[in-house]
There are 2 protein chains.
Amino acid sequence: MKRFRVFLLEDDINFGGVLRSYLEMKEFTVQWETDGATALERFHAGETDLCILDVMLPNMDGFSVAVGIRKQCPSVPLVFLTARSLKEDVLRGYSIGADDYICKPFDTEVMLMKLRAILRRGGETSDEGRFQLGSFTFEFATRTLQGSAGPSRLSPREADLLKLLCLHINELMPRELALQTIWREDNYFTRRSMDVFIARLRKLLEPETRLELISVHGSGYRLILHG
Amino acid sequence: MKRFRVFLLEDDINFGGVLRSYLEMKEFTVQWETDGATALERFHAGETDLCILDVMLPNMDGFSVAVGIRKQCPSVPLVFLTARSLKEDVLRGYSIGADDYICKPFDTEVMLMKLRAILRRGGETSDEGRFQLGSFTFEFATRTLQGSAGPSRLSPREADLLKLLCLHINELMPRELALQTIWREDNYFTRRSMDVFIARLRKLLEPETRLELISVHGSGYRLILHG
DNA sequence: AATAAAGGTTAACGGAAGGTTAATGTTCGA
DNA sequence: TCGAACATTAACCTTCCGTTAACCTTTATT
(Lines give C-alpha, C1' and ligand atoms only; values in the text may rest on other atoms or scores of the structure.)
Protein backbone atom coordinates (compact mmCIF):
# COMPACT_ATOMS: atom_id res chain seq x y z
CA MET A 1 0.00 0.00 0.00
CA LYS A 2 1.24 3.40 -1.02
CA ARG A 3 2.06 5.88 1.72
CA PHE A 4 -0.15 8.94 1.47
CA ARG A 5 1.54 12.32 1.62
CA VAL A 6 -0.10 14.97 3.77
CA PHE A 7 0.66 18.66 3.61
CA LEU A 8 0.03 20.08 7.08
CA LEU A 9 -0.21 23.79 7.80
CA GLU A 10 -0.45 24.53 11.53
CA ASP A 11 1.21 27.42 13.34
CA ASP A 12 0.91 25.99 16.84
CA ILE A 13 4.23 24.21 17.46
CA ASN A 14 2.92 21.85 20.09
CA PHE A 15 -0.28 20.92 18.39
CA GLY A 16 1.35 20.65 15.01
CA GLY A 17 4.01 18.37 16.39
CA VAL A 18 1.52 16.08 18.03
CA LEU A 19 -0.55 15.94 14.89
CA ARG A 20 2.46 15.11 12.77
CA SER A 21 3.55 12.32 15.08
CA TYR A 22 0.09 10.89 15.10
CA LEU A 23 -0.24 10.95 11.34
CA GLU A 24 3.20 9.44 10.85
CA MET A 25 2.29 6.71 13.28
CA LYS A 26 -0.70 6.02 11.07
CA GLU A 27 1.50 5.56 8.02
CA PHE A 28 1.22 8.99 6.48
CA THR A 29 4.12 11.02 5.17
CA VAL A 30 3.82 14.52 6.54
CA GLN A 31 5.16 17.83 5.28
CA TRP A 32 4.60 20.26 8.11
CA GLU A 33 4.63 24.04 7.60
CA THR A 34 4.03 26.64 10.30
CA ASP A 35 3.78 29.81 8.25
CA GLY A 36 1.18 30.57 5.61
CA ALA A 37 3.34 32.64 3.29
CA THR A 38 6.31 30.27 3.20
CA ALA A 39 3.98 27.28 3.05
CA LEU A 40 2.77 28.35 -0.36
CA GLU A 41 6.32 28.60 -1.64
CA ARG A 42 7.13 25.15 -0.40
CA PHE A 43 4.02 23.54 -1.72
CA HIS A 44 4.64 21.61 -4.89
CA ALA A 45 1.96 20.08 -7.00
CA GLY A 46 2.19 16.36 -7.40
CA GLU A 47 3.98 15.82 -4.11
CA THR A 48 0.87 15.91 -2.02
CA ASP A 49 -2.23 13.74 -1.73
CA LEU A 50 -4.09 15.83 0.81
CA CYS A 51 -3.80 19.20 2.56
CA ILE A 52 -4.74 19.98 6.14
CA LEU A 53 -4.87 23.71 6.68
CA ASP A 54 -5.41 25.61 9.88
CA VAL A 55 -7.72 28.54 9.24
CA MET A 56 -6.45 30.85 11.93
CA LEU A 57 -2.87 31.77 11.26
CA PRO A 58 -0.85 34.82 12.30
CA ASN A 59 0.61 35.61 8.91
CA MET A 60 -1.61 34.61 6.00
CA ASP A 61 -4.88 32.88 6.70
CA GLY A 62 -5.64 29.34 5.65
CA PHE A 63 -8.20 30.34 3.06
CA SER A 64 -5.69 32.43 1.13
CA VAL A 65 -3.26 29.56 1.21
CA ALA A 66 -6.03 27.29 -0.01
CA VAL A 67 -6.73 29.54 -2.95
CA GLY A 68 -3.05 29.55 -3.82
CA ILE A 69 -2.86 25.78 -3.62
CA ARG A 70 -5.97 25.42 -5.73
CA LYS A 71 -4.39 27.55 -8.37
CA GLN A 72 -1.38 25.27 -8.57
CA CYS A 73 -3.21 22.05 -8.19
CA PRO A 74 -7.00 22.14 -8.60
CA SER A 75 -7.61 18.55 -7.70
CA VAL A 76 -5.86 18.13 -4.37
CA PRO A 77 -8.29 17.55 -1.49
CA LEU A 78 -8.41 20.27 1.15
CA VAL A 79 -9.36 19.84 4.78
CA PHE A 80 -9.68 22.85 7.02
CA LEU A 81 -8.74 22.81 10.65
CA THR A 82 -10.32 25.40 12.87
CA ALA A 83 -10.96 26.25 16.47
CA ARG A 84 -13.72 28.50 15.36
CA SER A 85 -17.04 27.11 14.45
CA LEU A 86 -18.17 30.28 12.77
CA LYS A 87 -20.73 29.73 10.08
CA GLU A 88 -19.08 32.02 7.61
CA ASP A 89 -15.83 30.10 7.93
CA VAL A 90 -17.42 26.79 7.12
CA LEU A 91 -19.39 28.15 4.20
CA ARG A 92 -16.41 30.01 2.90
CA GLY A 93 -14.33 26.86 3.11
CA TYR A 94 -16.85 24.86 1.16
CA SER A 95 -17.19 27.56 -1.44
CA ILE A 96 -13.44 27.31 -2.09
CA GLY A 97 -13.94 23.62 -2.55
CA ALA A 98 -12.99 22.21 0.82
CA ASP A 99 -13.50 18.50 1.07
CA ASP A 100 -14.14 18.57 4.78
CA TYR A 101 -13.37 20.55 7.85
CA ILE A 102 -12.34 19.55 11.32
CA CYS A 103 -12.99 21.57 14.47
CA LYS A 104 -10.59 21.67 17.35
CA PRO A 105 -10.73 20.05 19.81
CA PHE A 106 -11.30 16.89 17.83
CA ASP A 107 -11.20 13.18 18.21
CA THR A 108 -8.18 11.77 16.38
CA GLU A 109 -10.14 8.68 15.39
CA VAL A 110 -12.83 10.78 13.76
CA MET A 111 -10.24 12.81 11.95
CA LEU A 112 -8.53 9.71 10.67
CA MET A 113 -11.81 8.35 9.39
CA LYS A 114 -12.50 11.57 7.57
CA LEU A 115 -9.07 11.62 5.96
CA ARG A 116 -9.34 8.00 4.86
CA ALA A 117 -12.78 8.63 3.42
CA ILE A 118 -11.47 11.50 1.37
CA LEU A 119 -8.42 9.61 0.14
CA ARG A 120 -10.53 6.59 -0.73
CA ARG A 121 -12.44 8.73 -3.16
CA GLY A 122 -9.21 9.04 -5.06
CA GLY A 123 -8.87 11.85 -7.49
CA GLU A 124 -12.54 11.78 -8.23
CA THR A 125 -13.89 15.04 -6.98
CA SER A 126 -17.51 14.72 -6.12
CA ASP A 127 -19.88 15.64 -8.85
CA GLU A 128 -21.28 18.58 -6.95
CA GLY A 129 -20.62 21.66 -8.98
CA ARG A 130 -20.01 19.74 -12.17
CA PHE A 131 -22.43 20.22 -15.00
CA GLN A 132 -22.90 18.44 -18.30
CA LEU A 133 -23.88 20.82 -21.09
CA GLY A 134 -24.14 18.79 -24.22
CA SER A 135 -20.57 18.06 -25.25
CA PHE A 136 -19.27 20.50 -22.66
CA THR A 137 -18.43 19.70 -19.09
CA PHE A 138 -18.35 22.62 -16.75
CA GLU A 139 -16.55 22.22 -13.45
CA PHE A 140 -17.22 25.08 -11.13
CA ALA A 141 -14.48 24.45 -8.56
CA THR A 142 -11.74 24.71 -11.16
CA ARG A 143 -13.67 27.08 -13.41
CA THR A 144 -13.02 24.83 -16.33
CA LEU A 145 -15.18 24.37 -19.36
CA GLN A 146 -14.06 21.16 -21.00
CA GLY A 147 -15.12 21.03 -24.63
CA SER A 148 -14.38 18.66 -27.47
CA ALA A 149 -11.95 21.25 -28.81
CA GLY A 150 -9.92 21.65 -25.64
CA PRO A 151 -10.61 23.25 -22.29
CA SER A 152 -11.24 26.91 -21.50
CA ARG A 153 -10.61 28.61 -18.22
CA LEU A 154 -13.33 30.93 -17.06
CA SER A 155 -12.93 34.01 -14.94
CA PRO A 156 -14.57 33.98 -11.49
CA ARG A 157 -17.50 36.05 -12.66
CA GLU A 158 -18.02 33.99 -15.78
CA ALA A 159 -17.99 30.83 -13.67
CA ASP A 160 -20.44 32.21 -11.12
CA LEU A 161 -22.84 33.24 -13.81
CA LEU A 162 -22.59 29.99 -15.73
CA LYS A 163 -23.18 28.02 -12.56
CA LEU A 164 -26.32 29.98 -11.83
CA LEU A 165 -27.52 29.36 -15.36
CA CYS A 166 -26.76 25.65 -15.03
CA LEU A 167 -28.71 25.45 -11.80
CA HIS A 168 -31.70 26.81 -13.68
CA ILE A 169 -31.11 24.97 -16.91
CA ASN A 170 -34.06 25.09 -19.32
CA GLU A 171 -35.81 27.38 -16.89
CA LEU A 172 -35.76 31.08 -16.30
CA MET A 173 -32.78 32.41 -14.41
CA PRO A 174 -34.02 35.75 -13.15
CA ARG A 175 -31.74 38.67 -13.78
CA GLU A 176 -32.32 39.86 -10.30
CA LEU A 177 -31.09 36.60 -8.81
CA ALA A 178 -27.73 36.87 -10.53
CA LEU A 179 -27.33 40.52 -9.63
CA GLN A 180 -28.27 39.78 -6.06
CA THR A 181 -26.03 36.77 -5.50
CA ILE A 182 -23.07 37.64 -7.69
CA TRP A 183 -22.91 41.41 -7.91
CA ARG A 184 -24.70 42.09 -4.62
CA GLU A 185 -26.21 45.20 -6.09
CA ASP A 186 -28.78 45.92 -8.76
CA ASN A 187 -28.21 49.14 -10.62
CA TYR A 188 -27.58 50.37 -14.13
CA PHE A 189 -23.88 49.55 -14.08
CA THR A 190 -24.11 46.07 -12.58
CA ARG A 191 -26.82 45.26 -15.08
CA ARG A 192 -24.64 46.36 -17.98
CA SER A 193 -21.73 44.43 -16.54
CA MET A 194 -23.87 41.33 -16.45
CA ASP A 195 -24.80 41.86 -20.10
CA VAL A 196 -21.12 41.79 -20.98
CA PHE A 197 -20.65 38.48 -19.23
CA ILE A 198 -23.67 37.00 -20.96
CA ALA A 199 -22.11 37.92 -24.29
CA ARG A 200 -18.86 36.23 -23.26
CA LEU A 201 -20.62 33.08 -22.19
CA ARG A 202 -22.49 33.01 -25.49
CA LYS A 203 -19.21 33.11 -27.34
CA LEU A 204 -17.75 30.36 -25.17
CA LEU A 205 -20.75 28.09 -25.54
CA GLU A 206 -21.18 28.76 -29.23
CA PRO A 207 -19.41 25.59 -30.45
CA GLU A 208 -22.18 23.44 -28.98
CA THR A 209 -25.12 24.13 -31.24
CA ARG A 210 -27.54 22.37 -28.96
CA LEU A 211 -26.96 25.09 -26.36
CA GLU A 212 -28.86 28.32 -26.53
CA LEU A 213 -28.59 31.23 -24.12
CA ILE A 214 -31.61 33.36 -24.76
CA SER A 215 -32.80 36.45 -22.99
CA VAL A 216 -36.30 36.82 -21.64
CA HIS A 217 -36.77 40.51 -22.03
CA GLY A 218 -37.22 42.24 -18.70
CA SER A 219 -37.01 39.03 -16.67
CA GLY A 220 -33.74 37.21 -17.13
CA TYR A 221 -32.06 34.52 -19.19
CA ARG A 222 -32.64 30.94 -20.11
CA LEU A 223 -29.91 28.42 -20.85
CA ILE A 224 -31.53 25.82 -23.04
CA LEU A 225 -30.07 22.45 -23.88
CA HIS A 226 -31.91 21.05 -26.89
CA GLY A 227 -32.66 17.36 -26.90
CA MET B 1 -45.91 30.86 -0.12
CA LYS B 2 -45.94 28.07 2.39
CA ARG B 3 -42.83 27.52 4.50
CA PHE B 4 -41.38 24.07 3.95
CA ARG B 5 -40.43 22.01 6.99
CA VAL B 6 -37.12 20.18 6.88
CA PHE B 7 -36.11 17.38 9.22
CA LEU B 8 -32.33 17.51 9.58
CA LEU B 9 -30.29 14.71 11.09
CA GLU B 10 -26.64 15.65 11.48
CA ASP B 11 -24.43 14.70 14.41
CA ASP B 12 -21.74 17.29 13.83
CA ILE B 13 -22.71 20.23 16.03
CA ASN B 14 -20.90 22.82 14.01
CA PHE B 15 -21.88 21.66 10.61
CA GLY B 16 -25.46 21.01 11.65
CA GLY B 17 -25.74 24.47 13.12
CA VAL B 18 -24.42 26.06 9.99
CA LEU B 19 -26.74 24.07 7.82
CA ARG B 20 -29.73 24.93 9.97
CA SER B 21 -28.94 28.63 9.88
CA TYR B 22 -28.51 28.53 6.15
CA LEU B 23 -31.78 26.72 5.57
CA GLU B 24 -33.63 29.03 7.94
CA MET B 25 -32.19 31.98 6.08
CA LYS B 26 -33.67 30.48 2.93
CA GLU B 27 -37.13 30.34 4.45
CA PHE B 28 -37.23 26.75 5.62
CA THR B 29 -38.44 25.62 9.03
CA VAL B 30 -35.85 23.24 10.43
CA GLN B 31 -36.13 20.47 13.02
CA TRP B 32 -32.57 19.52 13.81
CA GLU B 33 -31.68 16.23 15.49
CA THR B 34 -28.15 15.11 16.35
CA ASP B 35 -28.74 11.51 17.37
CA GLY B 36 -30.14 8.76 15.19
CA ALA B 37 -32.04 6.86 17.87
CA THR B 38 -33.76 9.83 19.44
CA ALA B 39 -34.36 11.37 16.03
CA LEU B 40 -36.69 8.53 15.14
CA GLU B 41 -38.70 9.05 18.31
CA ARG B 42 -39.07 12.73 17.61
CA PHE B 43 -40.00 12.32 13.99
CA HIS B 44 -43.70 12.74 13.40
CA ALA B 45 -45.38 12.05 10.13
CA GLY B 46 -47.17 15.00 8.63
CA GLU B 47 -44.93 17.55 10.26
CA THR B 48 -42.19 17.26 7.69
CA ASP B 49 -41.91 18.00 4.00
CA LEU B 50 -38.39 16.70 3.48
CA CYS B 51 -35.68 14.84 5.41
CA ILE B 52 -31.96 15.44 5.19
CA LEU B 53 -30.06 12.58 6.80
CA ASP B 54 -26.37 12.26 7.42
CA VAL B 55 -25.26 8.73 6.64
CA MET B 56 -22.33 8.53 9.00
CA LEU B 57 -23.55 8.76 12.56
CA PRO B 58 -22.02 7.43 15.76
CA ASN B 59 -25.13 5.84 17.21
CA MET B 60 -27.55 4.58 14.60
CA ASP B 61 -26.68 5.17 10.99
CA GLY B 62 -28.65 7.30 8.64
CA PHE B 63 -29.93 4.40 6.57
CA SER B 64 -31.56 2.75 9.59
CA VAL B 65 -33.20 6.02 10.50
CA ALA B 66 -34.38 6.32 6.92
CA VAL B 67 -36.01 2.92 7.06
CA GLY B 68 -37.76 3.90 10.28
CA ILE B 69 -39.01 7.11 8.76
CA ARG B 70 -40.22 5.33 5.64
CA LYS B 71 -42.21 2.98 7.84
CA GLN B 72 -44.03 5.88 9.43
CA CYS B 73 -44.38 8.00 6.37
CA PRO B 74 -43.67 6.34 3.03
CA SER B 75 -44.08 9.43 0.94
CA VAL B 76 -41.72 11.92 2.56
CA PRO B 77 -38.72 12.74 0.36
CA LEU B 78 -35.34 11.63 1.69
CA VAL B 79 -32.01 13.22 0.94
CA PHE B 80 -28.82 11.64 2.17
CA LEU B 81 -25.82 13.62 3.21
CA THR B 82 -22.43 11.95 3.21
CA ALA B 83 -18.75 12.63 3.18
CA ARG B 84 -18.26 9.39 1.36
CA SER B 85 -19.04 9.07 -2.27
CA LEU B 86 -18.80 5.34 -2.28
CA LYS B 87 -20.88 3.51 -4.79
CA GLU B 88 -22.35 1.06 -2.34
CA ASP B 89 -23.61 3.91 -0.18
CA VAL B 90 -25.28 5.62 -3.05
CA LEU B 91 -26.89 2.42 -4.27
CA ARG B 92 -28.02 1.50 -0.79
CA GLY B 93 -29.54 4.92 -0.37
CA TYR B 94 -31.45 4.70 -3.60
CA SER B 95 -32.68 1.22 -2.77
CA ILE B 96 -34.30 2.62 0.35
CA GLY B 97 -35.93 5.21 -1.83
CA ALA B 98 -33.68 8.20 -1.50
CA ASP B 99 -34.75 11.13 -3.63
CA ASP B 100 -31.29 12.52 -3.94
CA TYR B 101 -27.80 12.31 -2.64
CA ILE B 102 -25.61 15.16 -1.51
CA CYS B 103 -21.91 14.57 -1.01
CA LYS B 104 -19.72 16.71 1.15
CA PRO B 105 -18.20 18.91 0.09
CA PHE B 106 -21.19 20.52 -1.45
CA ASP B 107 -22.08 23.90 -2.73
CA THR B 108 -24.90 25.46 -0.77
CA GLU B 109 -26.57 26.79 -3.87
CA VAL B 110 -26.47 23.44 -5.54
CA MET B 111 -27.99 21.84 -2.48
CA LEU B 112 -30.69 24.46 -2.38
CA MET B 113 -31.64 23.84 -5.98
CA LYS B 114 -31.78 20.11 -5.38
CA LEU B 115 -34.07 20.56 -2.40
CA ARG B 116 -36.32 22.90 -4.31
CA ALA B 117 -36.47 20.51 -7.23
CA ILE B 118 -37.55 17.69 -4.96
CA LEU B 119 -40.14 19.76 -3.16
CA ARG B 120 -41.53 21.02 -6.43
CA ARG B 121 -42.01 17.47 -7.60
CA GLY B 122 -43.96 16.52 -4.49
CA GLY B 123 -45.96 19.69 -4.08
CA GLU B 124 -47.37 19.54 -7.62
CA THR B 125 -46.53 23.24 -7.72
CA SER B 126 -44.78 22.53 -10.99
CA ASP B 127 -47.85 23.18 -13.11
CA GLU B 128 -48.46 26.40 -11.27
CA GLY B 129 -48.19 28.97 -13.99
CA ARG B 130 -48.39 26.39 -16.75
CA PHE B 131 -51.52 26.05 -18.83
CA GLN B 132 -52.66 23.53 -21.39
CA LEU B 133 -54.58 25.11 -24.26
CA GLY B 134 -55.40 22.37 -26.72
CA SER B 135 -52.16 21.63 -28.50
CA PHE B 136 -50.57 24.69 -26.94
CA THR B 137 -48.72 24.79 -23.66
CA PHE B 138 -48.37 28.18 -22.11
CA GLU B 139 -45.65 28.65 -19.52
CA PHE B 140 -45.98 31.90 -17.71
CA ALA B 141 -42.55 32.02 -16.03
CA THR B 142 -40.69 31.91 -19.33
CA ARG B 143 -43.49 33.57 -21.30
CA THR B 144 -43.39 30.77 -23.78
CA LEU B 145 -46.24 29.44 -25.84
CA GLN B 146 -45.19 26.02 -26.98
CA GLY B 147 -47.10 24.96 -30.06
CA SER B 148 -46.84 22.04 -32.40
CA ALA B 149 -45.15 24.34 -34.90
CA GLY B 150 -42.44 25.61 -32.58
CA PRO B 151 -42.51 27.96 -29.63
CA SER B 152 -43.50 31.61 -29.58
CA ARG B 153 -42.26 34.09 -27.08
CA LEU B 154 -44.71 36.49 -25.53
CA SER B 155 -44.16 39.98 -24.24
CA PRO B 156 -44.82 40.63 -20.54
CA ARG B 157 -48.19 42.23 -21.24
CA GLU B 158 -49.25 39.45 -23.59
CA ALA B 159 -48.28 36.89 -20.99
CA ASP B 160 -50.13 38.67 -18.21
CA LEU B 161 -53.26 38.91 -20.27
CA LEU B 162 -53.13 35.33 -21.50
CA LYS B 163 -52.65 34.11 -17.95
CA LEU B 164 -55.68 36.01 -16.81
CA LEU B 165 -57.70 34.51 -19.63
CA CYS B 166 -56.43 31.04 -18.78
CA LEU B 167 -57.45 31.46 -15.17
CA HIS B 168 -60.97 32.20 -16.40
CA ILE B 169 -61.00 29.70 -19.22
CA ASN B 170 -64.46 29.09 -20.71
CA GLU B 171 -65.77 31.81 -18.45
CA LEU B 172 -66.02 35.53 -18.69
CA MET B 173 -62.86 37.45 -18.00
CA PRO B 174 -64.12 40.93 -17.16
CA ARG B 175 -62.44 43.76 -19.00
CA GLU B 176 -62.25 45.74 -15.84
CA LEU B 177 -60.32 42.98 -14.08
CA ALA B 178 -57.55 42.99 -16.66
CA LEU B 179 -57.37 46.77 -16.74
CA GLN B 180 -57.25 46.92 -12.98
CA THR B 181 -54.64 44.22 -12.38
CA ILE B 182 -52.44 44.68 -15.44
CA TRP B 183 -52.79 48.28 -16.52
CA ARG B 184 -53.73 49.64 -13.07
CA GLU B 185 -55.90 52.25 -14.71
CA ASP B 186 -59.14 52.18 -16.67
CA ASN B 187 -59.45 54.89 -19.27
CA TYR B 188 -59.89 55.29 -22.98
CA PHE B 189 -56.22 54.70 -23.78
CA THR B 190 -55.67 51.67 -21.58
CA ARG B 191 -58.84 50.13 -23.00
CA ARG B 192 -57.61 50.62 -26.55
CA SER B 193 -54.22 49.24 -25.58
CA MET B 194 -55.88 46.15 -24.23
CA ASP B 195 -57.77 45.73 -27.51
CA VAL B 196 -54.45 45.64 -29.31
CA PHE B 197 -53.18 42.88 -27.08
CA ILE B 198 -56.33 40.85 -27.56
CA ALA B 199 -55.79 41.05 -31.30
CA ARG B 200 -52.21 39.90 -30.89
CA LEU B 201 -53.24 36.96 -28.74
CA ARG B 202 -55.85 35.96 -31.31
CA LYS B 203 -53.18 35.84 -33.97
CA LEU B 204 -50.90 33.77 -31.75
CA LEU B 205 -53.59 31.28 -30.81
CA GLU B 206 -55.00 31.04 -34.33
CA PRO B 207 -53.23 27.77 -35.26
CA GLU B 208 -55.28 25.88 -32.70
CA THR B 209 -58.77 25.88 -34.17
CA ARG B 210 -60.34 24.56 -30.99
CA LEU B 211 -59.42 27.83 -29.28
CA GLU B 212 -61.65 30.84 -29.58
CA LEU B 213 -61.18 34.21 -27.99
CA ILE B 214 -64.49 35.98 -28.21
CA SER B 215 -65.53 39.32 -26.87
CA VAL B 216 -68.59 39.82 -24.74
CA HIS B 217 -69.68 43.23 -25.75
CA GLY B 218 -69.45 45.68 -22.91
CA SER B 219 -68.28 43.12 -20.36
CA GLY B 220 -65.06 41.43 -21.31
CA TYR B 221 -63.66 38.38 -23.08
CA ARG B 222 -64.01 34.67 -23.05
CA LEU B 223 -61.29 32.20 -23.96
CA ILE B 224 -63.06 29.05 -25.06
CA LEU B 225 -61.46 25.67 -25.54
CA HIS B 226 -63.79 23.48 -27.59
CA GLY B 227 -64.10 19.93 -26.81
C1' DA C 1 -82.25 52.91 -40.61
C1' DA C 2 -79.34 56.28 -38.54
C1' DT C 3 -76.22 57.10 -35.17
C1' DA C 4 -73.19 56.45 -31.47
C1' DA C 5 -70.40 53.47 -28.90
C1' DA C 6 -67.44 49.55 -28.57
C1' DG C 7 -64.37 46.57 -30.55
C1' DG C 8 -60.89 44.76 -34.48
C1' DT C 9 -56.81 45.33 -36.89
C1' DT C 10 -52.64 47.13 -38.54
C1' DA C 11 -48.86 50.21 -38.62
C1' DA C 12 -45.79 53.49 -36.67
C1' DC C 13 -43.37 55.81 -32.89
C1' DG C 14 -40.25 56.34 -29.17
C1' DG C 15 -38.31 54.87 -25.09
C1' DA C 16 -36.12 51.15 -22.70
C1' DA C 17 -33.54 46.92 -22.53
C1' DG C 18 -30.25 44.12 -24.44
C1' DG C 19 -25.94 42.87 -27.66
C1' DT C 20 -21.37 43.62 -28.68
C1' DT C 21 -16.83 45.37 -28.79
C1' DA C 22 -13.40 48.33 -27.13
C1' DA C 23 -11.32 51.17 -23.66
C1' DT C 24 -10.38 52.00 -18.87
C1' DG C 25 -9.51 51.08 -14.19
C1' DT C 26 -8.04 47.67 -10.50
C1' DT C 27 -5.93 44.00 -8.35
C1' DC C 28 -2.45 40.89 -7.63
C1' DG C 29 1.39 38.12 -8.42
C1' DA C 30 6.03 37.89 -10.61
C1' DT D 1 7.06 48.12 -10.31
C1' DC D 2 5.63 46.07 -14.37
C1' DG D 3 2.43 43.26 -16.67
C1' DA D 4 -1.33 39.94 -16.91
C1' DA D 5 -5.96 38.93 -15.68
C1' DC D 6 -10.14 40.66 -14.72
C1' DA D 7 -14.21 43.55 -13.83
C1' DT D 8 -16.24 47.72 -15.05
C1' DT D 9 -17.51 51.61 -17.93
C1' DA D 10 -18.28 53.61 -22.35
C1' DA D 11 -19.97 53.87 -26.89
C1' DC D 12 -22.79 52.52 -30.49
C1' DC D 13 -26.07 49.62 -32.46
C1' DT D 14 -30.18 46.41 -32.56
C1' DT D 15 -34.31 44.48 -30.79
C1' DC D 16 -38.28 44.63 -27.97
C1' DC D 17 -42.50 46.43 -26.33
C1' DG D 18 -46.28 49.35 -24.81
C1' DT D 19 -48.73 53.00 -26.55
C1' DT D 20 -51.09 55.76 -29.82
C1' DA D 21 -53.19 56.76 -34.13
C1' DA D 22 -55.84 55.73 -38.02
C1' DC D 23 -59.31 53.42 -40.23
C1' DC D 24 -62.62 49.80 -40.36
C1' DT D 25 -66.46 46.55 -38.56
C1' DT D 26 -69.83 45.16 -35.28
C1' DT D 27 -73.26 46.01 -31.83
C1' DA D 28 -76.57 48.60 -29.24
C1' DT D 29 -79.83 52.41 -29.00
C1' DT D 30 -83.51 55.31 -30.53
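In what follows, chains are A, B, ... by sequence order, proteins preceding strands, each numbered from 1. What you see is a predicted model; the values in this text were computed from it and never measured.
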How long is the line joining [atom1] of [X] and [atom2] of [N], in whole Å?
X	N	atom1	atom2	value
A:Arg157	C:dT27	CZ	P	13 Å
A:Leu201	C:dG19	CG	P	12 Å
A:Leu204	D:dC6	CG	P	12 Å
A:Arg192	C:dA23	CZ	C1'	15 Å
A:Arg153	D:dA7	CZ	C1'	17 Å
A:Phe189	C:dG18	CZ	P	16 Å
B:Phe197	C:dG7	CZ	P	17 Å
A:Asn187	C:dA17	CG	C1'	15 Å

A cation-pi test, strictly: NZ or CZ of B:Arg191 under 6.0 Å from the centre of the six-membered ring of B:Tyr188 and no more than 45 degrees from its axis. Yes or no?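 Judged by the rule (NZ or CZ under 6.0 Å from the ring centre, within 45° of its axis), B:Arg191 is not positioned above B:Tyr188.
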
Think A:Arg192 forms a cation-pi with A:Phe189, using NZ or CZ under 6.0 Å from the six-ring centre and within 45 degrees of its axis?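 Verdict for A:Phe189: no cation-pi partner in A:Arg192.
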
Considering every strand and a 4.0 Å limit on heavy-atom distances, what is the contact class for [X]: base, sugar-phosphate, or nothing?
X	result
A:Tyr221	sugar-phosphate
A:Arg143	sugar-phosphate
A:Arg200	base
A:Ser155	sugar-phosphate

Below 4.0 angstrom from OP1 or OP2 of C:dA6, is there any side-chain N or O of B:Arg191?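 No.
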
Does D:dT19 have its OP1 or OP2 closer than 4.0 Å to a side-chain nitrogen or oxygen of B:Trp183?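 Yes.
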
Candidate nucleotides D:dT19, C:dT21, D:dC17, ranked by approach to the side chain of A:Ala199 - the nearest: C:dT21

Candidate nucleotides C:dT20, C:dG8, D:dC16, ranked by approach to the side chain of A:Val196 - the nearest: C:dT20

Can any side-chain N or O of A:Asp49 pair as donor or acceptor with the backbone N or O of A:Arg5 at less than 3.5 Å?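 Yes; judged by distance alone, with no hydrogens or angles, the pair exists.
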
Less than 4.5 Å apart, any side-chain heavy atom of A:Phe140 and any of A:Arg130? no

Closest non-hydrogen atom pair, A:Phe138 against A:Cys166: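 Reported closest heavy-atom pair: CD2-SG, 4.1 Å.
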
When the nearest nucleotide of DNA chain C is assigned to A:Arg175 and to A:Lys203 on a heavy-atom basis, which residue is associated with the more 5' position? A:Arg175

